[in-house]
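Reading through the structure tokens given below for one structure.
Letters go in sequence order (proteins before strands), and every chain restarts at 1. This structure is a prediction, so every number in the text was calculated from the model and none was measured.
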Amino acid sequence: MVDKRRVRVLREGNMGSGPVVYVMGRDFRAQDNWALLYAQEKAKAAKVPLGVLVHFGKNFIATNERQHDFLIEGLKEVSAELEALNIPFFITIGDWKKEVAEFVRTHEVSLLVTDFSPLHEMRWWWDEVSHGVEVPVHEVDAHNVIPCWVASPKEEFAAYTFRPKVHRLYKEFAGAIPKTAHHPYSWGVSKRACWPRGYAKDGCCAIDWGGVKKLRSYDAEVPPVAWLKPGPVAGEAVLRQFITQRLHVYDAERNDPTKRAISDLSPYIRFGYLSTQRIAHEIEKVRRDQDAKAAFIEELVVRRELAENFCFYNPNYDSFAGIKNWAKETLDAHRKDVREYLYTPEQFERAETHDPLWNAAQLEMVKTGKMHGYMRMYWAKKILEWTASPEEAIEIALRLNDRYELDGRDPNGFVGVLWSIGGVHDRAWSNRSVFGKIRYMNYNGCKRKFDVKAYVEKHQGTTAALF
DNA sequence: ATCGGCTCGCGCAA
DNA sequence: TGCGCGAAGCCGAT
């Protein structure tokens, strides 16, 4: 049974007699998925078919070719896995209100289930959809170990206020997740035919993935990356490799961008190919490296779910308006400070600053789709230092993050940028030029901690090939 | 190499 | 009301 505390009712109402549909918005996987398990539980109780729907609309889950490719290639795998479980996979394209509402009417859907995201797009969409359909809509937190609204009822001040709440509830929610079962009630073949309209191949049932892939290719400006393969199977392999090859050095070396100690799991978590709870469970099973395990669980659960908490409770999670008063005041007091360097958004984007370390970080992100976590702090703080205003710095950092990172457009990214530039979840430090009391970082600090030259050499070059 | 100060405010003990 | 201490640091003194 899915814990009732994972579920929120977005639209009240009684179930009809038709199939249950899970609208996958964020957690693209067939196993370890509480939203799918909940939908299946409801469908089994009502003895009705179960289907999964993914909607491709404006400002959807991916906004460029790199992320779109990572999504489509993974979705192919997920959809096949669902079909094998007798859970048909559908897509709709275009306007939410029209397409989803029509899907619901055509198939006489009795209940819509979705996965939780704290981000505006998803919440606004569901607000609209809930008003545009006449069936109940239930939302399930399938992304967090502890459901966001259960972990805390308010915006947390810092990790230290959130941590004890997480630790109190962790044992209750963590652990193995039941398997998604082969669904016992079939969706009639004739009813499936011709959906999605215009993207069905061979008459029915098969989706024209080539067509879907072309659907949202923006320019070829942000190409897919080859080193990280999309999908749950690839995610599983990365998790295995992390546990066997890198976990033992995670504690000591995760802040050294020249070492290979980090998990590389964030893109898989971002697209839901891997469940956080499942990752946590696999880590807990390891019988060695206790310090490394604790450090990883801290980042995977406490800090990642703190980012979800911030976006869920703070509607200004992506702007200056979202930071704390002490930080606004101190940044305001330093607005007129002389900036030693000033760069345009294009200069940042093309990695054309005077600082080879900053350029290397930017190049790492542009070329690989994943900047090392430690460098993300330095990178964002320097954007604050080298732009005319904190608003502009936040805008540039978020735009670049969301455009190039495979794990962009995610709560972690918003909080990472606002932590660096706006002191979110941080404390005040010594007053200095431009930064005010926002924690400062510099080149010398990096030199003390890792081999800067090696990092710069590893990511040298230009962005010329991309523009 | 190590340490204290920087500086704010939450949460808890009292 | 007082007090301890915190998301990843820096800097100068010793």
Side-chain angles (χ1 to χ4, degrees), chain A residues 151-169 249-259 261-263 266 291-292 294-311 313-314 317 322-334 337 340 355 357-358 361 364 370-385 394 397 401 407 410-450 452 455:
Chain A
S152 170
K154 59 169 186 172
E155 180 186 335
E156 288 294 329
F157 182 75
Y160 79 91
T161 62
F162 189 55
R163 189 175 295 111
K165 298 181 182 184
V166 168
H167 286 172
R168 258 200 304 277
L169 291 160
V249 291
Y250 185 79
D251 198 28
E253 296 180 353
R254 70 176 180 282
N255 283 336
D256 184 336
T258 66
K259 301 270 169 52
I262 54 175
S263 73
S266 62
D291 288 350
F296 184 72
I297 294 289
E298 163 78 10
E299 303 216 357
L300 179 78
V301 183
V302 176
R303 297 195 198 173
R304 199 191 48 73
E305 297 191 7
L306 177 61
E308 302 263 323
N309 168 278
F310 181 73
C311 294
Y313 291 111
N314 190 327
Y317 61 73
I323 71 179
K324 287 279 183 292
N325 281 335
W326 70 264
K328 282 180 189 161
E329 280 160 20
T330 194
L331 288 169
D332 280 342
H334 290 270
D337 291 2
E340 200 178 343
D355 175 7
L357 178 57
W358 193 93
E364 179 181 31
K370 199 166 171 297
M371 191 194 304
H372 190 280
Y374 189 81
M375 292 311 299
R376 292 191 195 199
M377 299 186 284
Y378 177 83
W379 174 86
K381 284 182 182 291
K382 292 296 137 181
I383 297 176
L384 169 64
E385 194 173 342
I394 290 169
N401 180 76
D407 57 17
D410 185 75
N412 277 325
F414 294 110
V415 170
V417 166
L418 287 200
W419 178 85
S420 301
I421 297 175
V424 166
H425 299 149
D426 203 9
R427 50 180 282 208
W429 296 85
S430 302
N431 209 348
R432 66 162 61 228
S433 178
V434 183
F435 283 79
K437 294 167 185 173
I438 301 295
R439 184 195 298 253
Y440 178 65
M441 283 177 79
N442 66 0
Y443 189 92
N444 284 334
C446 293
K447 238 166 51 183
R448 275 196 299 276
K449 293 184 181 71
F450 63 90
V452 168
Y455 180 75

Rounded to whole angstrom, note down the [atom1] distance from [N] over to [M].
{"N": "B:dT2", "M": "C:dA7", "atom1": "C1'", "answer": "23 Å"}
{"N": "B:dG9", "M": "C:dG9", "atom1": "P", "answer": "22 Å"}
{"N": "B:dA1", "M": "C:dA8", "atom1": "P", "answer": "23 Å"}
{"N": "B:dG4", "M": "C:dG4", "atom1": "P", "answer": "15 Å"}
{"N": "C:dC5", "M": "B:dA14", "atom1": "P", "answer": "14 Å"}

After noting the C-alpha distance and the side-chain angles of A:Phe435 and A:Tyr440, does the key distance pass the ring pair (Phe, Tyr, Trp, His ring centres under 6.0 Å) rule?
CA-CA 7 Å; A:Phe435 283 79; A:Tyr440 178 65; 5.0 Å; yes

Determine the contact category for [X]: base if any of its heavy atoms lies under 4.0 Å from a base atom, sugar-phosphate if only primed atoms, P, OP1 or OP2 are that close, otherwise nothing.
{"X": "A:Phe157", "value": "sugar-phosphate"}
{"X": "A:Arg254", "value": "nothing"}
{"X": "A:Asn442", "value": "sugar-phosphate"}
{"X": "A:Lys449", "value": "sugar-phosphate"}
{"X": "A:Arg304", "value": "nothing"}
{"X": "A:Val302", "value": "nothing"}
{"X": "A:Arg376", "value": "nothing"}
{"X": "A:Lys165", "value": "nothing"}
{"X": "A:Met377", "value": "base"}
{"X": "A:Asp426", "value": "sugar-phosphate"}

Check: A:Tyr250 ring centre within less than 6.0 Å of A:Phe296 ring centre
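Under 6.0 Å, so yes.
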
Are the aromatic rings of A:His425 and A:Phe157 close, with centres under 6.0 Å apart?
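For A:His425 and A:Phe157, the ring centres are not under 6.0 Å apart.
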
Close side-chain approach of [X] to [Y], heavy-atom, < 4.5 Å:
{"X": "A:Asp256", "Y": "A:Tyr374", "value": "no"}
{"X": "A:Val166", "Y": "A:Arg163", "value": "no"}
{"X": "A:Ser420", "Y": "A:Arg376", "value": "no"}
{"X": "A:Phe450", "Y": "A:Lys259", "value": "no"}

Using a strict 4.0 Å threshold on nitrogen-to-oxygen distance, state whether A:Glu156 and A:Lys165 make a salt bridge.
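Looking at A:Lys165 together with A:Glu156, the answer is yes, because their closest N to O distance falls below 4.0 Å.
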
Evaluate A:Val415 against A:Arg303 for side chain to side chain contact (heavy atoms under 4.5 Å, CB included), listing each step before the verdict.
CA-CA 10 Å; A:Val415 170; A:Arg303 297 195 198 173; over 6 Å; no

For residues A:Glu155 and A:Asn314, is any side-chain donor paired with an opposing acceptor at under 3.5 Å?
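The answer is yes; a qualifying pair exists.
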
Looking only at the side chains, is there a donor atom on one of A:His372 and A:Asn255 sitting less than 3.5 Å from an acceptor on the other?
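Short answer, no.
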
Under a 3.5 Å cut-off for both distances, is B:dT7 Watson-Crick or wobble paired, and to whom?
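Per the H-bond distance test, none.
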
Whom does B:dA13 pair with, Watson-Crick or G-U wobble, provided both distances fall under 3.5 Å?
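With both distances under 3.5 Å, B:dA13 matches C:dT1.
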
Boundaries of the DNA chain C segment in contact with chain A, non-hydrogen, under 4.0 Å
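So the contact region on DNA chain C extends C:dG6 to C:dC11.
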
Atom pair CZ/CD1 of A:Arg304 and A:Ile297 - distance to nearest 0.5 Å:
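A:Arg304 CZ to A:Ile297 CD1: 10.5 Å, rounded to 0.5 Å.
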
In residues 322-332 of chain A, which ones come under 4.0 Å of DNA chain C, going by heavy atoms?
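Output list: empty, so none.
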
Under 4.0 Å from a heavy atom of chain A: give me the 5'-most and 3'-most nucleotides of DNA chain B that qualify.
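Footprint of chain A along DNA chain B, 5' to 3': B:dC6 to B:dG11.
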
